[in-house]
There are 4 protein chains.
Amino acid sequence: MIVKLDLQADIPIYTQLVNQIIEGIASGQLQPGEALPSVRSLASDIGINLHTVNKAYTHLKQEGFIQIHRQKGVVIEPDAMPVVTESYLVKLHEQLKPIVAEAICRGMQKEELLQTIGTLYQSIKGL
Amino acid sequence: MIVKLDLQADIPIYTQLVNQIIEGIASGQLQPGEALPSVRSLASDIGINLHTVNKAYTHLKQEGFIQIHRQKGVVIEPDAMPVVTESYLVKLHEQLKPIVAEAICRGMQKEELLQTIGTLYQSIKGL
Amino acid sequence: MIVKLDLQADIPIYTQLVNQIIEGIASGQLQPGEALPSVRSLASDIGINLHTVNKAYTHLKQEGFIQIHRQKGVVIEPDAMPVVTESYLVKLHEQLKPIVAEAICRGMQKEELLQTIGTLYQSIKGL
Amino acid sequence: MIVKLDLQADIPIYTQLVNQIIEGIASGQLQPGEALPSVRSLASDIGINLHTVNKAYTHLKQEGFIQIHRQKGVVIEPDAMPVVTESYLVKLHEQLKPIVAEAICRGMQKEELLQTIGTLYQSIKGL
DNA sequence: GTGGTCTAGACCACA
DNA sequence: GTGGTCTAGACCACT
């Protein structure tokens, strides 16, 4: 998988990396059980510090998307991906609320917004 | 309008304030042309720093949601709200992408996600 | 509160710090709502790196024992301490199992063990 | 005896193996004088590295739970199991302290904790 | 002045 | 060779 980072963006690099990997899983480019590069090799590949990669991996582990085997490396969670929990839905609402509110302010119709998101959903999943 | 801030969230306070005001506009609680409290009074009302309110107002002005007049105070943009521009759509995509990707990873179906967002859209607009 | 760390022990420093703070809360030396030292001041006080303190604080935050206010500092969780959940009981069992097993191997009677722990419980709480 | 290892836990594999064997002794599944599998056979049985098993056995020997004879193999200490020494009690206290402290923070009553441990004691011994 | 992030370089336990 | 930990020093956003 190709990782694209914007080192100038105001989004932390480790967050961008987390997002990229989640998108990779969503699109099927990263399959459950598949190995991820070691912190060192990925860090040198994309030209960032190994601690930054480490922070991203640790975050993904805590969220349940990957497993970190102490001395063997990192793999995509092979068994059960995280599911839709109550607390996730709360988080999802909080994330979406300001985005939807701004769309409303800009006069975006409900169908327009839903279609945009539907298209996005397909384009991610369909890779 | 009542402003609710979470001082311990990892979202900057000024961003929360910006979001609250945008939601207020989206819900119709804040009407175009309506006056907003002065920086000082709002700051003391919700118990935060002057600079924080100032930063939020400045941000909203740059986005085109409010007007700031030296002596007359702050009003919701009375004429033309920002609209759906090309650059806005790009930003919208970037914001939504990681959210949608995580929803896919967690096994959320497209219809499920769209319905969640549709409901959210109505609940904001319908206030 | 006085913090005692063993820099030579095989327990990570940040873990020792986490434990010390939890013991401080358990003993009542640290009261809910009370402020903790800033990462920098605590780090220099006990002569360790600020990142190590940061890691300890972040861990305590994730466990729900403290709140980290972005620019204001760190306080003991003022509202609701973490409670006894199902997953906590599982973790507790896993932690205790090898300890109890060794005690059995060494011929420690059940009453002997329980009394030791009961005394320990009191000595922590009674500070 | 069946050995259960969690390769993704943050507890070293050799430590898990040590714990399992101690629990086996505590439960009576492993009797004093009983032979343990050779390093090689155990390693291949549970699919881990030779060195890992070796490290676990060496650790158990140092603690006095097993004897290692060059050609004859490994046996559970037939004569005198380790007993409750002063230094063991110190170690026990250090291990239990953070666990008990967290239980107190979570509002666990003394009786509740003691009963949990009492039950655990029986369940290990009663196997 | 606060915590958040990133970089750089080092040592260690583990396998 | 792997991840885990610690140190050191720097810049930034926020208040």
Side-chain angles (χ1 to χ4, degrees), chain A residues 5 7-17 35-44 47-59 61 66-75, chain B residues 5 7-17 43 47-56 59, chain C residues 5 7-17 35-44 47-59 61 66-75, chain D residues 5 7-17 43 47-56 59:
Chain A
L5 299 179
L7 301 182
Q8 308 302 327
D10 52 357
I11 302 168
I13 296 176
Y14 82 93
T15 303
Q16 293 183 50
L17 186 51
L36 287 173
S38 75
V39 278
R40 279 176 179 76
S41 65
L42 182 54
S44 77
I48 61 175
N49 191 280
L50 91 175
H51 291 108
T52 308
V53 177
N54 202 348
K55 189 163 186 177
Y57 277 3
T58 302
H59 193 263
K61 174 191 164 196
I66 65 173
Q67 290 183 350
I68 300 181
H69 295 76
R70 275 172 95 68
Q71 320 306 340
K72 290 178 9 188
V74 177
V75 299
Chain B
L5 298 180
L7 298 181
Q8 68 178 302
D10 49 1
I11 303 167
I13 295 176
Y14 87 94
T15 303
Q16 292 184 51
L17 187 51
I48 61 174
N49 196 295
L50 270 179
H51 299 11
T52 308
V53 178
N54 213 339
K55 187 159 188 175
H59 191 88
Chain C
L5 298 179
L7 302 182
Q8 308 302 328
D10 52 357
I11 303 167
I13 295 177
Y14 83 92
T15 303
Q16 294 182 49
L17 187 52
L36 286 173
S38 76
V39 278
R40 281 176 179 75
S41 65
L42 182 54
S44 77
I48 61 175
N49 192 280
L50 92 176
H51 291 107
T52 308
V53 177
N54 203 347
K55 190 163 185 176
Y57 277 3
T58 303
H59 193 262
K61 174 192 164 195
I66 66 174
Q67 289 184 349
I68 300 180
H69 295 77
R70 276 172 95 68
Q71 320 306 340
K72 291 179 7 189
V74 178
V75 299
Chain D
L5 297 180
L7 298 180
Q8 68 178 303
D10 49 0
I11 302 168
I13 295 176
Y14 87 94
T15 303
Q16 293 184 50
L17 187 51
I48 61 175
N49 196 294
L50 269 178
H51 300 10
T52 308
V53 177
N54 213 339
K55 187 159 188 174
H59 191 88

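Reminder, nothing fancy here: chain letters follow the sequence lines and each chain counts from 1. Worth knowing before you read on, the calculation uses all heavy atoms, side chains too, and leaves out hydrogens, waters and symmetry mates. Predicted, not measured: the structure shown is a model, and the values here were computed from it.
The closest side-chain heavy-atom distance from L17(D) to T52(D) is not below 4.5 Å.
Residue Y14(A) places no side-chain N or O under 4.0 Å from the OP1 or OP2 atom of dC6(E). Distances shorter than 4.0 Å separate some side-chain N or O of K55(A) from OP1 or OP2 on dT5(E). T52(A) has a side-chain polar atom (N or O) that falls below the 4.0 Å cut-off from OP1 or OP2 of dT7(E). At the phosphate of dG3(E), neither OP1 nor OP2 sits under 4.0 Å from any side-chain N or O atom of K72(C).
Rounded to whole Å, atom P of dG3(F) lies 8 Å from atom CD1 of I68(A). Whole-Å rounding puts the R70(C) CZ to dG1(E) P distance at 20 Å. When rounded to the nearest whole Å, the span between CG of L5(D) and C1' of dA15(E) equals 13 Å. At whole-Å resolution of the value, NE2 in H69(C) and C1' in dG1(E) are 16 Å apart. When rounded to the nearest whole Å, the span between CD of Q16(B) and P of dT15(F) equals 9 Å. Computed from coordinates, the L36(A) CG to dG1(F) P distance equals 20 Å when rounded to whole Å. Note: CD (Q71(A)) to C1' (dC12(E)) measures 10 Å, nearest angstrom. Counting to the nearest Å, the P atom of dG4(E) and the CG atom of N49(A) are 18 Å from each other.
Between Y57(A) and P37(A), the closest heavy-atom pair is OH-O, 2.8 Å. When all heavy atoms are compared, the tightest approach of R70(C) to A9(B) is CD-O, 4.0 Å. I11(C) and Q16(C) get closest at one heavy-atom pair: O-NE2, 2.9 Å. The two residues I13(B) and L7(B) make their nearest non-hydrogen contact at CD1-CD2, 3.4 Å.
Residue-to-nucleotide contacts include a donor-acceptor pair under 3.5 Å from the side chain of H51(A) to the base of dG9(E). The base of dG3(E) is paired with the side chain of R40(C) by a donor and an acceptor separated by under 3.5 Å.
In this structure, the separation between CD1 on I68(A) and OG1 on T58(A) is 5.0 Å, given to the nearest 0.5 Å. A distance of 10.5 Å separates CG of L50(A) from CG of L42(A), quoted to the nearest 0.5 Å.
Checking dT7(E), dT7(F), dG3(F) against every side-chain atom of I13(C), the shortest atom distance belongs to dT7(F). In this structure, the nucleotide among dT5(F), dC6(E), dC14(F) sitting nearest to the side chain of N54(A) is dT5(F). Here the side chain of P12(D) is nearest to one of dT2(F), dC14(E), dC14(F), namely dC14(E).
Positionally, the nearest nucleotide of DNA chain F for P37(A) lies more toward the 5' end than for the other of P37(A) and T15(B). Comparing I11(D) and I11(A) against DNA chain E, the residue whose closest nucleotide sits nearer the 5' end is I11(A).
Under the side chain to side chain contact (heavy atoms under 4.5 Å, CB included) criterion, S38(A) pairs with R40(A), S41(A), not counting sequence neighbours.
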Task: Per-nucleotide pairing state of DNA chain F [Watson-Crick or G-U, under 3.5 Å; [ ] pseudoknot-crossing; | other strand] - done: ||||||||||||||.
